[in-house]
Each structure stands twice: as C-alpha cells, then as structure tokens.
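First comes the structure, then the notes that go with it.
Residue numbers count from 1 along this sequence.
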Amino acid sequence: MAFTMEQKIGPPGKHKAMLSEVQFVNGQFGPACRWVFEISDGPSHGMELLKLTGVDPRLGTNLGDLLASLYGRELRKGDTVDPASDLVGKSFEVFATPGSNGSGAVIQTVRPIADN
C-alpha cells in the first residue's frame with residue numbers, strides 16, 4: 001500500500017481565510033476549542049490554519065480575546081455570542097508566525113474582513 005504525503009497546514013504569513021469549523025476537543029491541559037480556518041486565496045488555497053484556545057470566555061483570556069477579534073469589537077460582561085452559528089463561513093484576515101518546531105504556523109491575529 002502506498003501513501004502520498006500532503007501538506008494540509010498552511011504556511012506562516014498573512015492570509016485571507018474562512019472560519020470553517022469550531023470544535024470542542026480534549027487538549028493537553030483539558031477541554032479546549034479548536035478553531036479551523038481554511039485559506040481561501042493564493043498558492044495556499046485550501047490549506048488550514050488552526051488555533052487552540054481554552055473554553056473560559058472571560059474577558060482577558062485567550063478565548064475572550066479571540067472572540068473579540070473575531071467579532072471585531074470589544075465584548076462586555078454579559079454579552080452572549082455564538083461563533084459557530086454567527087461566524088462559520090465568514091472571511092477573516094489571519095496572520096500566522098512559524099511554529100516553534102520550525103514547521104506549521106501559529107495564528108497570532110485574526111481580523112474580520114468587511115465583505116462578510
């Protein structure tokens with residue numbers, strides 16, 4: 001049986017990407033959210049960029065900060081948001097830096113694109 005290796009994780013850099021999925025997973029430190037962005041243009045079209053956050057939506061946590069970035073506004077105590085239904089399928093500008101082991105990419109910033 002033969003296998004053909006493919007690269008599915010996108011490279012570092014600035015990309016236009018669609019939020020394609022939000023998954024709840026068991027991460028290294030417990031429950032986590034995996035945010036899957038599919039690159040939608042350029043030579044990396046179809047590759048994915050991933051972001052892992054905690055599940056604590058408080059302001060100032062990595063999840064709280066990502067939600068504010070995804071919605072493009074400051075979120076306040078008491079705000080209720082549902083990114084799976086509000087944002088999946090929307091386009092974002094995603095900036096990723098090289099992964100610590102020299103492969104893959106780590107999402108640093110996400111900004112909504114006005115044409116959503």
Side-chain angles (χ1 to χ4, degrees):
M1 174 183 280
F3 296 94
T4 302
M5 300 303 293
E6 295 183 23
Q7 181 176 351
K8 187 151 175 132
I9 300 298
K14 183 166 68 169
H15 303 280
K16 180 177 179 182
M18 176 188 71
L19 179 61
S20 61
E21 191 173 4
V22 180
Q23 306 167 334
F24 288 99
V25 298
N26 287 315
Q28 179 180 359
F29 301 106
C33 292
R34 179 184 300 154
W35 304 81
V36 181
F37 293 86
E38 184 177 322
I39 298 173
S40 53
D41 66 356
S44 302
H45 183 270
M47 292 184 174
E48 294 178 342
L49 294 168
L50 307 175
K51 178 139 182 103
L52 200 63
T53 67
V55 295
D56 184 0
R58 288 182 294 161
L59 304 173
T61 64
N62 61 354
L63 175 57
D65 292 345
L66 178 63
L67 289 170
S69 293
L70 290 168
Y71 281 92
R73 63 182 174 88
E74 182 180 336
L75 297 176
R76 301 176 190 276
K77 181 180 177 182
D79 284 351
T80 300
V81 295
D82 184 353
S85 46
D86 296 341
L87 303 175
V88 168
K90 302 283 186 186
S91 293
F92 296 88
E93 179 183 273
V94 179
F95 180 72
T97 57
S100 60
N101 63 0
S103 66
V106 177
I107 293 177
Q108 298 297 321
T109 60
V110 177
R111 293 186 345 193
I113 295 176
D115 66 359
N116 282 324

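Heavy atoms from other residues, nucleotides or ligands lying under 6.0 Å from CZ of R73 number more than 12.
Using a 4.5 Å heavy-atom threshold, the side chains of V88 and P83 count as separate. Put simply, the side chain of V25 reaches to within 4.5 Å of the side chain of L52, judged on heavy atoms. When side chains are defined from C-beta on, C33 does not count as touching Q23, because their heavy atoms never get closer than 4.5 Å. Considering only heavy atoms from C-beta on, P12 stays 4.5 Å or farther from F95 through its side chain. The shortest side-chain heavy-atom distance between I107 and L50 does not fall under the 4.5 Å cut-off. In this structure the side chain of V22 never reaches within 4.5 angstrom of the side chain of V36, judged on heavy atoms.
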Quiz item: What's the verdict on side chain to side chain contact (heavy atoms under 4.5 Å, CB included) for K90 and L19, showing C-alpha distance, side-chain angles and the deciding distance?
Solution: CA-CA 6 Å; K90 302 283 186 186; L19 179 61; 5.7 Å; no
Quiz item: Would V94 and T109 satisfy side chain to side chain contact (heavy atoms under 4.5 Å, CB included), going step by step from the backbone distance to the final call?
Solution: CA-CA 6 Å; V94 179; T109 60; over 6 Å; no
Quiz item: Taking it one step at a time, do I39 and L49 satisfy side chain to side chain contact (heavy atoms under 4.5 Å, CB included)?
Solution: CA-CA 7 Å; I39 298 173; L49 294 168; 4.1 Å; yes
Practice problem: Any chance you could lay out the side chain to side chain contact (heavy atoms under 4.5 Å, CB included) test for K16 and I113, step after step, and finish with the verdict? | Solution: CA-CA 8 Å; K16 180 177 179 182; I113 295 176; 3.6 Å; yes
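Note: E38 CD to E48 CD = 6.5 Å, rounded to the nearest 0.5 Å. Atom NZ of residue K51 and atom CZ of residue R34 lie 14.0 Å apart, to the nearest 0.5 angstrom. Between atom NZ of residue K77 and atom CZ of residue R58 there is a gap of 11.5 Å, rounded to the nearest 0.5 Å.
Closest approach of S69 to P112, counting heavy atoms only: O-CD, 3.1 Å. Considering every non-hydrogen atom in both M47 and P11, the closest pair reads SD-CD, 4.0 Å. Here the shortest heavy-atom pairing between A105 and G10 reads CB-O, 3.6 Å.
Looking only at atom types and distance, the side chain of D79 has no donor-acceptor partner in the side chain of Y71 under 3.5 Å away.
With side-chain heavy atoms closer than 4.5 Å counting as contact, directly or through intermediates, the hydrophobic cluster containing V55 also holds F24.
When hydrophobic clusters are built by joining Ile, Leu, Val, Met, Phe, Trp and Tyr residues whose side-chain heavy atoms come closer than 4.5 Å, directly or via intermediates, V106 is not grouped with F92. F37 and M18 are assigned to two separate hydrophobic clusters, defined by single-linkage of ILVMFWY side chains at heavy-atom distances under 4.5 Å.
A distance-only check finds no donor-acceptor pair linking the side chain of D65 to the backbone of L59 [under 3.5 Å].
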